[in-house]
Amino acid sequence: MMPSNQWQRARQTRSELVIPPGLVQTWITQQHEVATRMTELPYPGLPRFVAAADAAFSLDGKMCVAVAVVWDREKTELVEHVVARRPLEFPYVPTFLSFREGAALQDAIAMLKHAWEVICFDGQGFAHPRRCGIATHISVMLDRPGIGVGKSRLCGQARDPGLKAGAWSPLIHRQQQVGIALRTRDGVKPLFVSVGHRMDIASARRIVLACGRGYRLPEPIRIADRITKVERAK
DNA sequence: GCGACAG
DNA sequence: ATCTTGTCGC
């Protein structure tokens, strides 16, 4: 049967993966339901143990390789990292990233033995058309504080923040602030930070900056990203 | 109908 | 995300 959506047709040639007819509608329903359960509240102080989760593909492109780490912000050192693998079932379709990578990421997070207080994700949280990016989706499932850290924008518009590290500007989507564009390093492209769950944007900004070690990405995500590229070869 | 579109 | 060469700047 021919794919019904243009984006599905465009992607399947390269990915070989197809989304069964009707599944997208149930995904949209799930996202609305999960968004309903998200809570926004200030996170007091700064967490000592910050987790992060990131994913990559195996070299043959058939597996999702997920890495979760726990980083000690006070000692600025990695205390744990774990790896989980799952077959890729769906192609990448904008706004449905969590259905492609979410299961593997949750497997990895569940493997962590060390305690953590906040978790950072590579992708949007509230800054999503249905306010349910991967950071919100997984954080709500875990019912733990989470932050979305995107390297690029999914939706909304933001003025370019000042050039100095720490500068930021609100990210607005449909008259609503959904996150911020945050300059984490002088002169480099800003990050798009948004709330995942049990968090507010001021706290998220504070925490992301507190995890910075002079690079664009906060250290826990940068470390997870690096491990991910080593593990995909195995 | 057209353009935009996390990883 | 992944592929992929040289190039610019500290």
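Naming convention: chains lettered A, B, ... in sequence-line order (proteins, then strands); numbering from 1 in each chain.
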(request) Pull out every stem in DNA chain C, meaning runs of 3 or more consecutive Watson-Crick or G-U wobble pairs with both distances under 3.5 Å. (result) none
(request) Check whether any side-chain nitrogen or oxygen of A/S152 sits under 4.0 Å from OP1 or OP2 of B/dC5, and answer yes or no. (result) no
(request) Measure from CG on A/D225 to C1' on B/dA6 and round the result to the nearest Å. (result) 14 Å
(request) Please work out which of the three classes, parallel, tilted or perpendicular, describes the rings of A/F90 and A/W27, given edges at 30° and 60°. (result) perpendicular
(message) Could you tell me if A/D225 and A/T228 have a donor-acceptor pair between their side chains, going purely by distance under 3.5 Å?
(response) no
(request) Report yes if a side-chain nitrogen or oxygen of A/R232 is closer than 4.0 Å to either non-bridging phosphate oxygen (OP1 or OP2) of C/dT2; otherwise report no. (result) yes
(message) Side chains of A/T136 and A/H128, heavy atoms from C-beta outward: is any pair under 4.5 Å?
(response) no
(request) Would you mind reading off the distance between A/F90 atom CZ and C/dA1 atom C1', rounded to a whole angstrom? (result) 18 Å
(request) Hydrophobic side-chain clustering at under 4.5 Å (ILVMFWY, transitive links): who's grouped with A/I223? Put none if nobody. (result) A/V65, A/V67, A/V69, A/W71, A/L78, A/V83, A/I227
(request) Send over the distance from A/D60 CG to C/dA1 P, rounded to a whole Å. (result) 18 Å
(request) Grab the CG-P distance between A/L217 and C/dA1 for me, whole Å please. (result) 9 Å
(message) Let's see if you can work this out: which of B/dG7, C/dT2, B/dA6 has an atom nearest to the side-chain heavy atoms of A/I134?
(response) B/dA6
(message) Between A/D143 and A/R198, does any NZ, NE, NH1 or NH2 come within less than 4.0 Å of an OD or OE carboxylate oxygen?
(response) yes
(message) Can you measure A/L59 atom CG to C/dT4 atom C1' for me and round it to whole angstrom units?
(response) 16 Å
(message) Between A/D160 and A/R183 (salt bridge meaning N to carboxylate O under 4.0 Å), is one present in this structure?
(response) yes
(request) Check every atom of C/dA1, B/dC5, C/dC3 against the side chain of A/Y92 and return the nucleotide holding the closest atom. (result) B/dC5
(message) Determine whether a donor-acceptor pair (N or O, by modelled atom type, separation under 3.5 Å) exists between the side chain of A/E40 and the backbone of A/V195.
(response) no
(request) Please state whether the phosphate of C/dC10, meaning OP1 or OP2, lies under 4.0 angstrom from any side-chain nitrogen or oxygen of A/R185. (result) no
(request) Answer yes or no: does a side-chain N or O of A/K151 lie under 4.0 Å from OP1 or OP2 of C/dA1? (result) yes
(request) Remember a base hit wins even if backbone is also touched, and classify A/G133 as base, sugar-phosphate or nothing at under 4.0 Å, heavy atoms. (result) base
(request) Taking Watson-Crick and G-U wobble pairs with both distances under 3.5 Å, convert DNA chain B into its dot-bracket string, 5' to 3', dots for unpaired and | for cross-strand pairs. (result) .......
(message) From CG of A/L17 over to C1' of B/dG7, roughly how many Å is that when rounded to an integer?
(response) 14 Å
(request) Answer yes or no: is there a side-chain heavy-atom contact under 4.5 Å between A/M141 and A/H197? (result) no
(request) Starting from C1' on B/dC5, measure out to CD on A/Q157 and report it in whole angstrom. (result) 12 Å
(request) Would you mind checking if A/E219 and A/R213 are paired as a salt bridge, meaning a charged N to carboxylate O distance below 4.0 Å? (result) no
(request) Go through the side-chain N and O atoms of A/Q176 and A/R131 and say whether any donor and acceptor fall under 3.5 Å apart. (result) yes
(request) Quickly work out the A/E101 CD to C/dT2 C1' distance and round it to whole Å. (result) 13 Å
(request) Taking only the side-chain nitrogens and oxygens of A/R153, find out if one of them lies under 4.0 Å from OP1 or OP2 of B/dC5. (result) yes
